[in-house]
Every structure is written in C-alpha cells, then in structure tokens.
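Before I ask anything, here is the structure I am working with.
Quantities reported herein were computed from a predicted structural model and do not represent experimental measurements. Naming: A, B, ... by sequence-line order, numbering from 1 per chain.
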There are 2 protein chains.
Amino acid sequence: MPAASDCIKMLDSETKAVETPEDHAEELRLWLRLLTCTTLIEGEVRGRLRQRFDVTLPRFDLMAQLDKAPDGMTLSDVSKRMMVSNGNVTGLVERLVESGHLDRRTSETDRRVQVIRLTKLGRAEFRRMAAEHETWIAALFADLTPKDVRELMRLLAKTKASAQKSAARRRP
Amino acid sequence: MPAASDCIKMLDSETKAVETPEDHAEELRLWLRLLTCTTLIEGEVRGRLRQRFDVTLPRFDLMAQLDKAPDGMTLSDVSKRMMVSNGNVTGLVERLVESGHLDRRTSETDRRVQVIRLTKLGRAEFRRMAAEHETWIAALFADLTPKDVRELMRLLAKTKASAQKSAARRRP
DNA sequence: CAAAATTGCTTTAAGCCTAAAATGATTTCC
DNA sequence: GGAAATCATTTTAGGCTTAAAGCAATTTTG
C-alpha cells in the first residue's frame, strides 16, 4: 500500500504540478535535530565561557574573528562573517573597546569605515580562552569517530550550499 | 615528516598523559560549520516568518510545541522542550496570551502550575504558518538526497548523544 | 506536625538581536 | 561639477535571552 501511493506521487511529480501536498516531514525532523544539536552545544559553551572567563559568547565570537585578521577588519566584514546585523556589531564593539579588548580607528582613506583590531590585552585573553574552548568542543564531539567527523563535514557543506542557494533565490 | 610526528603523538597518547596539547582543529571546524548551517537556516526562516506572517521565530516555536500537546503544557515543560530559560517563557507566553493565541490557566491540583494551550485562533494561525514553513525547510534542504538526509539524521543523533553525555558530566 | 528543601513561576538587570530609519561619506553618472 | 545612488555605520524601537534573585506552593524529613 505505501509503495503504491509512493509510485503515484512520483509519477505525478514527474509529469505535472501535484495537487496533494508533498510530504516533507523528514526534512523537518532533520532541521529540528540540527537545531537541537546546535542549541545544546551553544548553551554548554556559553555557560562555560561565563563560568570560567566571565565573557559572553558573542564577545568571544567577535574576538575569534579578529584573531584571524591581524590587520583588523571593518565592522561590515565582522557583521557578514558573524552573520548578525550591523547594529548588533556596533554595540558589541562599543563594549569591547570600553573594556580594553579592542582598538577602533577610522580608516585614513575612507572616513565612513571603522577598522577594529584586538589589543594586546584582547589577544592575550582570547588566546587563553580559545585554548580551553577547543578542549570543550573536543569533549562535546568525543564520541564521533574521525570518519563520522569527515562525513558530517561533507554533509554539512552540502547542506550549507543547498541552503545558500535556496536563500539566494529569494534575495538576488 | 608529518607522518613521523603523528606517530610520536599517537604513541604518547596511548601510553601516558601527553604534554603537547592535542590537536582538535577538526572538531572545531565541524562545530563552526554546524553553527553556520543553523544560523543560515534560522535567519532565513526568521525573515520569512516576519515577512509572510509578521510573527517572530520564538513565538512560532512556542506555538509548535503547543500544537503537539492538545491537552496543554506547563511553562516548565515548554522551557525544557525549547531549551530556553524559565524567565524567557514567561515573557513569550504573556505576549501570546495578550494577542489571543494562547489560553493560560492555573492548575486545579497545584497552584504553582500554569497550563497553557493554543486557542482556536492560535491553532488555526499556527497550522497555516506551519504548512508554509514546511515548504521553506524542504526548499532549504532540497539538494540533499534521501540518503544524505538519513545519514545526517544518524550522525546528528550521535552528536546529540555525545554532547549530552559531555554536558552531563559537568552538571550531574 | 513544623522546619527545611524543592518546585514552578516571575521579576530584575544586563546584554543580545533584528529590522528599519537616519546620518554622513564616497561614487556614479549625467 | 552637482544630483542621485550607494555604502558604512549608528540610532531607534521593540522584542528576545540569560543568570540570578525572589516568591509562593508543595513535598520531604526529622
């Protein structure tokens, strides 16, 4: 019985627009599971950063971006990389400059642009946190074999590409 | 050269505590990719919910939980399911009761407990949104084959279990 | 039974986040 | 050269989020 109805559905979808709504329950379940995994790990990391270093996850993330860019980044760059809104970055940077972790200066060539860098203090603190952070992540993924990790990387790359394509179709 | 140092490292890790910090760059990259995928999809869903239905993602998520529980849930249940703080749920529920989507009543048997349900309006609106939501998710995952989906489900289940185990070790 | 602990929820303070509008600087294009 | 468009950032308004403290109601325990 299920096999038969499947066949009919497939035939329909190969010929013409299907009236019966397609079943996408599997994709939905996949999305919820993906979200659960991320929320779980993110919450754990957030809590540990607060406990151990009294720092928030967004601040850590921002410093991580800057650590990879010794020559600094513009706010727009950061915003794109972190996939958050522009206004969000403004506030985060404000607080991190205030606390002495970031250095912010206006570009010489374009007075619209702000370039931000880690200060010596900021870099030192970030490195200290990052080292520990890496062990937390390793522990959280500890039960995955190297093969699992590779396979997940591959499938998530495919997922990212698929999602980007779909998102781009609406925002060209 | 890299092979030799790998051997040394492996020997070390099989015999005694290693002085040299282990390399967990792969797990770190995996985590970042997982986070990217989730952020990407979540942002897309958030934007569409706002555009099409003028509703926020947290509200939609809360209604989704209640739609699966016709007899209602307590705030604690919701909080656990959604993996958010208690105080967060209080505010969300307040606004959804206000807008007529939720019904909230104090339990007969335990006056600490609040039971919330979808109203007729809430359920109708949610169903309408959920139907469309499902097609968005399907589109975002469209390039994955059924086999990819199955494999991702499996690996994410393993990831979730691993993360839960690791998280539980620190919060028993 | 009454003190102590737990449970369910709310409040508070601080910060995060978005979308949209506003501001100011730079380019583009007649 | 100057109007128009674009770009980088900030501001605004509203909502989300957390951790921690607080308040009742209930359960546990001596």
Quiz prompt | Pair A/Asp148 + A/Arg150: basic N to acidic O under 4.0 Å | solution =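 The answer is no: the pair does not qualify as a salt bridge.
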Quiz item: Picking from D/dT26, C/dT18, C/dC9, which would you name as closest to the side chain of B/Thr74?
Solution: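 So the nucleotide nearest the side chain must be C/dC9.
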Quiz item: Using a cut-off of less than 4.0 Å, is there contact between a side-chain N or O of A/Arg59 and OP1 or OP2 of C/dA14?
Solution: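 A/Arg59 to C/dA14 OP1/OP2: no side-chain N or O under 4.0 Å.
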Quiz item: If you measure only the distance, is there a donor-acceptor pair under 3.5 Å linking the side chains of A/Asp77 and A/Thr74?
Solution: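 Per modelled atom types, A/Asp77 and A/Thr74 side chains form a pair under 3.5 Å.
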Quiz item: Please give, in whole Å, the distance from C/dT18 C1' to A/Lys80 NZ?
Solution: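 Nearest whole value for this atom pair: 17 Å.
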Practice problem: Return the 5'-most residue of the pair A/Thr109, A/Leu92 with respect to DNA chain C, ranking by each residue's nearest nucleotide. | Solution: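 Nearer the 5' end of the strand: A/Leu92.
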Practice problem: Just compare C/dC9, D/dA25, C/dC17 and give me whichever is closest to any side-chain atom of B/Thr90. | Solution: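 Comparing C/dC9, D/dA25, C/dC17 against the side chain of B/Thr90, the answer is C/dC9.
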Quiz item: Closest nucleotide of DNA chain D for A/Gly47 versus for A/Glu94: which of these residues is on the 5' side?
Solution: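 Result of the comparison: A/Glu94.
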Practice problem: Look at all strands and tell whether B/Ser76 reaches a base, only sugar-phosphate, or nothing, counting heavy atoms closer than 4.0 Å. | Solution: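 Sugar-phosphate: the residue B/Ser76, judged by heavy atoms under 4.0 Å, touches backbone atoms but no base.
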Quiz prompt | CZ (A/Arg117) with more than 12 external heavy atoms under 6.0 Å | solution =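 Check passes, neighbour count above 12.
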Quiz item: Taking OP1 and OP2 of C/dT10, is either one under 4.0 Å from a side-chain nitrogen or oxygen of B/Arg104?
Solution: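 Yes, because at least one side-chain N or O of B/Arg104 sits under 4.0 Å from OP1 or OP2 of C/dT10.
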Quiz item: In whole angstroms, how far is the C1' atom of D/dA19 from the CG atom of B/Asn88?
Solution: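 Spelled out: CG on B/Asn88 to C1' on D/dA19 is 12 Å.
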Quiz prompt | Integer-rounded Å distance: D/dC16 P and B/Arg46 CZ | solution =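 One finds 10 Å between P of D/dC16 and CZ of B/Arg46, rounded.
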Quiz item: Over how many whole Å does the gap from B/Leu75 atom CG to C/dC9 atom C1' extend?
Solution: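 These atoms are roughly 7 Å apart.
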Quiz prompt | Rounded interatomic separation in angstrom, taking CG from A/Asp110 and P from C/dT27 | solution =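 Taking CG of A/Asp110 and P of C/dT27, I get 6 Å after rounding.
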Self-check item: Point-to-point distance, once rounded to the nearest 0.5 Å, from CG of B/Leu30 to CZ of A/Phe141
Solution: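 Rounded to the nearest 0.5 Å, the CG-CZ separation comes out at 4.5 Å.
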Quiz item: Between atom NE2 of A/His101 and atom CG of A/Leu118, what is the distance when rounded to the nearest 0.5 Å?
Solution: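 Here the rounded value is 9.0 Å.
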Quiz item: Ignoring hydrogens and angles, are the base of C/dT26 and the side chain of A/Arg112 linked by a donor-acceptor pair under 3.5 Å?
Solution: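 Not at all, since no donor on one side and acceptor on the other fall under 3.5 Å apart.
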Quiz item: CG of A/Asn86 versus C1' of C/dA22: gap in Å, rounded?
Solution: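 One finds 13 Å between C1' of C/dA22 and CG of A/Asn86, rounded.
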Exercise. Please state how far atom CD in B/Glu44 lies from atom P in C/dT18, giving the value in whole angstrom units.
Key: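 It is 14 Å, rounded to the nearest whole Å.
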Quiz item: Roughly how many Å is it from CG in B/Leu49 to C1' in C/dA19, rounded to a whole number?
Solution: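 After rounding, the reported distance stands at 15 Å.
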Practice problem: Indicate whether OP1 or OP2 belonging to C/dC16 is found under 4.0 Å from a side-chain N or O atom of A/Thr56. | Solution: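 Checking C/dC16 against A/Thr56, a side-chain N or O does come within under 4.0 Å of OP1 or OP2.
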Quiz prompt | Side-chain N,O (B/Arg95) to OP1/OP2 (D/dG15) below 4.0 Å | solution =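 Checking B/Arg95 against D/dG15: no side-chain N or O falls below 4.0 Å of OP1 or OP2.
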Self-check item: Sugar-phosphate only, base, or nothing, as touched by B/Ser79 at under 4.0 Å among non-hydrogen atoms
Solution: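 Contact class for B/Ser79: none.
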